[in-house]
There are 2 protein chains.
Amino acid sequence: MIASTQTNHPLAKSAADTSLLELACAKLKGAGLRITQPRIAILTAMLERGQPTSIEQLHGVLEAGSCDLVTVYRCLAAFEEIGLVRRSFYHNGTSLYELSLNDTQHYHVVCKATNRVDQLDAETSAELRQTVEKIEAKLRERGYENVSHVVEFFGVAPAAARSPAPLQAVQR
Amino acid sequence: MIASTQTNHPLAKSAADTSLLELACAKLKGAGLRITQPRIAILTAMLERGQPTSIEQLHGVLEAGSCDLVTVYRCLAAFEEIGLVRRSFYHNGTSLYELSLNDTQHYHVVCKATNRVDQLDAETSAELRQTVEKIEAKLRERGYENVSHVVEFFGVAPAAARSPAPLQAVQR
DNA sequence: GCGTCAAAATCAGGGTCTTCCATGGAGCGA
DNA sequence: TCGCTCCATGGAAGACCCTGATTTTGACGC
């Protein structure tokens, strides 16, 4: 269950993260939502993680920073509502959340054994995205509104990548 | 709680369904599983439904036919294990199950408002399948085993398609 | 038919998520 | 800067979904 292995980055939040945080706050404001301490904490945690994260994991990371579990649920629901985060799934159906600040969507492979999340390579992602967007366009033609999608790959990761639990091996 | 809204198909099981049921039973046997009344009831219900169905809905349909909810859970888990059913998701993350007897996988659009499930047209499905299979092949090259995927589209269906038989919006 | 053992029923429990209500604090106007 | 107004949060309780453990039933081989 991915214990509290999260590496506490000793380095301060990078400048890039900070600007992304501001972007996220702007989105919040734009949607008429308030900018509060817990929300900033959640967004910061997601930025630092940089990969799909379960609510449980998020709350674990935030424990030091004081934020109720219920609040995490509510915030993520709100964020999803306004399109600030995207939801994906583990193999067993648990929800994962990921920031969607830059509009390029990433696609993932989730290890069925360890729940480690890896990304598809850029070229493959691009091709997939193209196909998916074409389909979404067709759906809109058929009259569907507010179209979205979930694409997720699962598999048992090769032992080499699985064993050392490097976590964070993959980031944007 | 999904009232007894399920349409009791007045028509008897079609011949096609019967032969598919036999095929499913053969798969069960092949996997070393026994053929039991509840399992047949579940399979029959899924065949009649012919589209992704939640466990709750399945149990609702089966109520007349006497099958415990726990049994439905376990049977579907067993079926998924041997590849007899495929799992997909609602927009809210609830699991849906669908028989996968013929090896051509269907892709769906789920209405965010009513949870009605619709299929993509054949051509689009085929194109998508091709892309996805290519990606899965790449993943296997990278060392992933037991590769699978979930692809799901969501949207608010056009009113025309939405109004008839709104099939109980599932709330959590 | 009979025995064996997997599968189903039943009961109970854990964990996840939601709801409720009182309180706090962000944002806004004066 | 101050105070007001709601939205957001915290905390606890509880609903719901799913899973184990154990007993009972019944499918299958002989």
Side-chain angles (χ1 to χ4, degrees), chain A residues 1-3 21-22 24-43 45 53-60 62-82 84 87 89-97 115, chain B residues 1-3 21-22 24-45 53-60 62-63 65-82 84-85 87 89-97 115 168-172:
Chain A
M1 183 55 41
I2 306 274
L21 182 59
E22 280 167 13
C25 288
K27 271 203 174 186
L28 279 183
K29 257 198 130 79
L33 296 180
R34 291 183 179 170
I35 292 152
T36 66
Q37 299 288 350
R39 286 179 179 178
I40 289 176
I42 291 171
L43 289 173
T53 310
S54 73
I55 286 186
E56 182 185 304
Q57 288 169 339
L58 260 182
H59 183 237
L62 290 169
E63 247 170 355
S66 74
C67 177
D68 199 77
L69 179 62
V70 182
T71 303
V72 181
Y73 277 103
R74 278 191 281 233
C75 286
L76 287 180
F79 294 170
E80 192 189 7
E81 186 82 16
I82 66 170
L84 185 56
R87 202 196 317 192
F89 300 96
Y90 271 158
H91 184 235
N92 62 13
T94 22
S95 296
L96 296 178
Y97 293 87
N115 275 337
Chain B
M1 189 50 41
I2 304 284
L21 183 58
E22 280 167 13
C25 288
K27 272 203 174 189
L28 279 183
K29 257 195 129 80
L33 296 180
R34 291 183 178 170
I35 293 152
T36 66
Q37 300 287 350
R39 287 180 178 176
I40 289 177
I42 291 171
L43 290 172
T44 305
T53 310
S54 73
I55 287 186
E56 186 181 299
Q57 287 170 336
L58 259 182
H59 183 238
L62 291 169
E63 247 171 356
S66 73
C67 176
D68 198 76
L69 178 62
V70 183
T71 302
V72 181
Y73 276 103
R74 281 194 265 243
C75 284
L76 287 180
F79 294 172
E80 192 188 8
E81 185 81 17
I82 65 168
L84 184 56
V85 303
R87 200 195 321 192
F89 299 96
Y90 271 159
H91 185 234
N92 62 12
T94 348
S95 295
L96 297 178
Y97 294 87
N115 277 333
Q168 211 82 18
V170 170
Q171 68 285 31
R172 294 195 56 157

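In what follows, every heavy atom counts, from backbone to side chain, and hydrogens, waters and symmetry copies are set aside.
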Rounding to 0.5 Å, atoms CG (A:Leu43) and CZ (A:Phe79) come to a distance of 4.5 Å
Between the CD1 atom in B:Ile40 and the SG atom in B:Cys75, the distance rounded to the nearest 0.5 Å is 11.0 Å
Please report the distance, rounded to the nearest Å, between CD1 in A:Ile42 and C1' in D:dA8.
11 Å
Can you sort out the partners of B:Arg39 under salt bridge (Lys or Arg N to Asp or Glu O under 4.0 Å), two or more places apart, ordered by chain and number?
none
Any residue meeting side-chain contact (heavy atoms from CB on, under 4.5 Å) with A:Ser95, in chain and number order, not counting sequence neighbours:
A:Arg87, A:Phe89, A:Tyr97
If you look at every heavy atom in A:Leu96 and A:Ser54, which pair is closest and at what distance?
CD2-N, 3.5 Å
Starting at CD of A:Glu56 and ending at C1' of C:dG14, how long is that distance when rounded to a whole Å?
13 Å
Would you mind building the protein contact string for nucleotides 23-30 of chain D? One character per nucleotide, 5' to 3', B for base within reach (heavy atoms under 4.0 Å), S for sugar-phosphate only, - for untouched.
---BBS--
Five pairs per end, C1' atoms only: what is the angle between the end axes of the helix from C:dG1-D:dC30 to C:dA30-D:dT1, to 10 degrees?
50°
Nearest whole angstrom, please: distance from the C1' of D:dG10 to the CG of A:Leu62.
15 Å
Tell me the interatomic distance from A:Ile40, atom CD1, to C:dA26, atom C1', rounded to whole angstroms.
11 Å
Out of curiosity, B:Leu84 CG to B:Cys25 SG, how far, rounded to the nearest 0.5 Å?
9.0 Å
Atom-pair distance (CD on B:Gln57; C1' on D:dC17), nearest Å
15 Å
Tell me the interatomic distance from B:Glu81, atom CD, to C:dA6, atom P, rounded to whole angstroms.
16 Å
Shortest non-hydrogen separation from A:Leu62 to A:Ala41 and the atoms involved:
CD2-O, 3.6 Å
Quick check: closest heavy atoms across A:Ile42 and A:Thr71, and the distance to 0.1 Å?
CD1-O, 4.4 Å
Between CD1 of A:Ile82 and C1' of D:dC7 the distance, given in whole Å, is 14 Å
How far does CD1 of A:Ile82 sit from CG of A:Leu28, to the nearest 0.5 angstrom?
5.0 Å
Who pairs with A:Leu69 by side-chain contact (heavy atoms from CB on, under 4.5 Å), at least two apart in sequence or on another chain?
A:Ile55, A:His59, A:Tyr73
What's the CG-C1' distance between A:Leu28 and C:dA26, to the nearest Å?
13 Å
All N/O contacts under 3.5 Å from nucleotides 18-21 of chain D to the protein, with atom names and distances to one decimal?
unit_1	atom_1	unit_2	atom_2	d
D:dC18	OP2	B:Tyr73	OH	2.1
D:dC18	O5'	B:Tyr73	OH	3.4
D:dA21	N6	B:Arg74	NH2	3.3

